[in-house]
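One structure is given below, encoded as structure tokens.
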Amino acid sequence: MRSMLGHMDREVFALNTEIQADLRTMYGTEPEAFTALLAGSGSLGMEAGFANLVEPGDVALVCANGAFGRRMAEMAARYGAHVRLVTAPLGVAIDPQDVADRMEDVDLVAVVHGETSTGVLNPVPEIADIVRHSGALFSVDSVTTAGMEPFHMAEWGIDYTYTGSQKCLSAPPGLAPVAVSERAFARYSARRTPPPMWYADFEGLRNYWIEHTYHHTVPVNLHYAFHAALHAAMDEGMQQRAERVQVMDSAIMAALEPVGFSHYVQNANHRLPTVLALRVPTSMDEAAVREQLRDREISVAGGLGATAGVIWRLGLMGETARPAPYRRFFTALEEIMGVNGVVQRFDEATEGSSLW
Ligand SMILES: *Cc1c(COP(=O)(O)O)cnc(C)c1O
């Protein structure tokens, strides 16, 4: 038990400085990049990017091949951008050539690295190669990748990125860790008018996180929880975390393929490792099965929109990429579906691994 500290306490500022340094490592930023926690969920991280980096009349090229890409397009438009869309069929990654073909006079390019709604991984390094020499800023949603997979903001040429505390770091929800490149900060500083959003204005954030002057009250206890989760992730290492995801992925497929589940994303190179999108067996009433799982306090995400009733989305972010929760899920699934062998195949595939 410790007493609460105030948001202007020197110990909290010291904690914040450690968080900022760890975020630079997690995102792979340049040494002086600005990092901070926003007091809100991942969507606030997304919105803050458009609020600070888009001015009315700018052209924003938004890659939208799922629900979160479309959310980006909606936000960019609300901040006054002319939105130019690059799309791809559901379950298919954005084609970098389509980005290259639409780059004329673009001020900002935005893409979701891992599209949670369909389990698709977009080719961020390839898109970065196209954006790099265009003069446009490059904003990447790393909500389902950073903290679980190696991420190289500076090397790839990314100007702005964000995630949500509850995703790959398994910290409590309510914080959006962001990173801003020096180039993006310079573009922000050259704005003709201040951003229409006050709360996450980069300058205001800088005042608190760098100058240690009051801007708004940060959720101090969430900062402590986040610091612990981020530290644990850094201690484990991104390469090790990515390998944990891979082992879990193949164990889950070994367990479920024989009972009729299959990959939704056809091209293996387009699969997001941390969200396994699986077509459910055609004979199965998936909503009813999920309801019965829910009765046992096991929550499985179905599809969204066009994929509703067609897919299940199994998360492998942070502490969900462990055998124990999946073993519990598979034990219940065997009972509900009236099949066996799922747990046994899963055990065989994870046996002897260091994941337990
Ligand atoms: C979850 C998610 C978000 C939004 O995060 P919230 O914390 O729900 O606001 C944004 N982008 C992606 C890819 C996500 O998976």
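Side chains included, hydrogens not; waters and symmetry mates left out as well; all remaining heavy atoms used. Counting starts at 1 for both ligands and their atoms, in listed order.
Residue T116 holds the heavy atom nearest to atom 15 (O) of ligand 1 of all those in T145, T116, T274.
Side-chain contact, Q97 with D101: a donor N or O sits under 3.5 Å from an acceptor N or O.
At a threshold of 4.0 Å, the pair R244-E236 counts as salt-bridged, since one of the basic side-chain nitrogens sits closer than that to a carboxylate oxygen. Between E211 and R206, at least one side-chain N (NZ, or NE/NH1/NH2) sits under 4.0 Å from a carboxylate O, which counts as a salt bridge. Between E291 and R294, no side-chain nitrogen of the basic residue sits less than 4.0 Å from a carboxylate oxygen of the acidic one, so the salt-bridge criterion is not met.
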When the side chains of residues 47-65 are checked against the rest of the protein, which donor-acceptor pairs come out under 3.5 Å, sequence neighbours left out?
residue	atom	partner	partner atom	Å
E47	OE2	Y79	OH	2.6
N52	OD1	F202	N	2.9
N52	ND2	A48	O	2.9
N52	ND2	A200	O	2.9
E55	OE1	R192	N	2.9
D58	OD2	E55	N	2.9
N65	OD1	N122	ND2	3.2
N65	ND2	V92	O	3.0
N65	ND2	N122	OD1	2.9

Under 3.5 Å, sequence neighbours excluded: what are the donor-acceptor pairs made by side chains of residues 295-304?
residue	atom	partner	partner atom	Å
R296	NH1	Q292	O	3.3
R296	NH2	E335	OE1	2.8

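For the pair G164 and ligand 1, no heavy-atom separation below 4.0 Å is found. The shell of residues lying under 4.0 angstrom from ligand 1, judged by heavy atoms, includes K167. Proximity of G45 to ligand 1 is not established, as no heavy-atom distance is less than 4.0 Å.
Any N or O atom pair closer than 3.5 Å counts here, and D141 shares at least one such pair with ligand 1. On a distance-only criterion, T144 and ligand 1 share no N/O pair closer than 3.5 Å. Considering both main-chain and side-chain atoms, S41 comes within under 3.5 Å of ligand 1 through a nitrogen or oxygen pair. For ligand 1, the polar-atom distance check against G42 finds a nitrogen or oxygen pair separated by under 3.5 Å.
When hydrogens are left out, the protein atom nearest atom 3 (C) of ligand 1 is F68 CE2, 3.4 Å; that is the closest non-hydrogen contact. In terms of protein heavy atoms, atom 8 (O) of ligand 1 is closest to Q166 NE2, 4.1 Å. Protein heavy atom in closest approach to atom 4 (C) of ligand 1: S43 OG, 3.4 Å.
Ring planes of F185 and Y188: perpendicular class, angle over 60° (limits at 30 and 60°).
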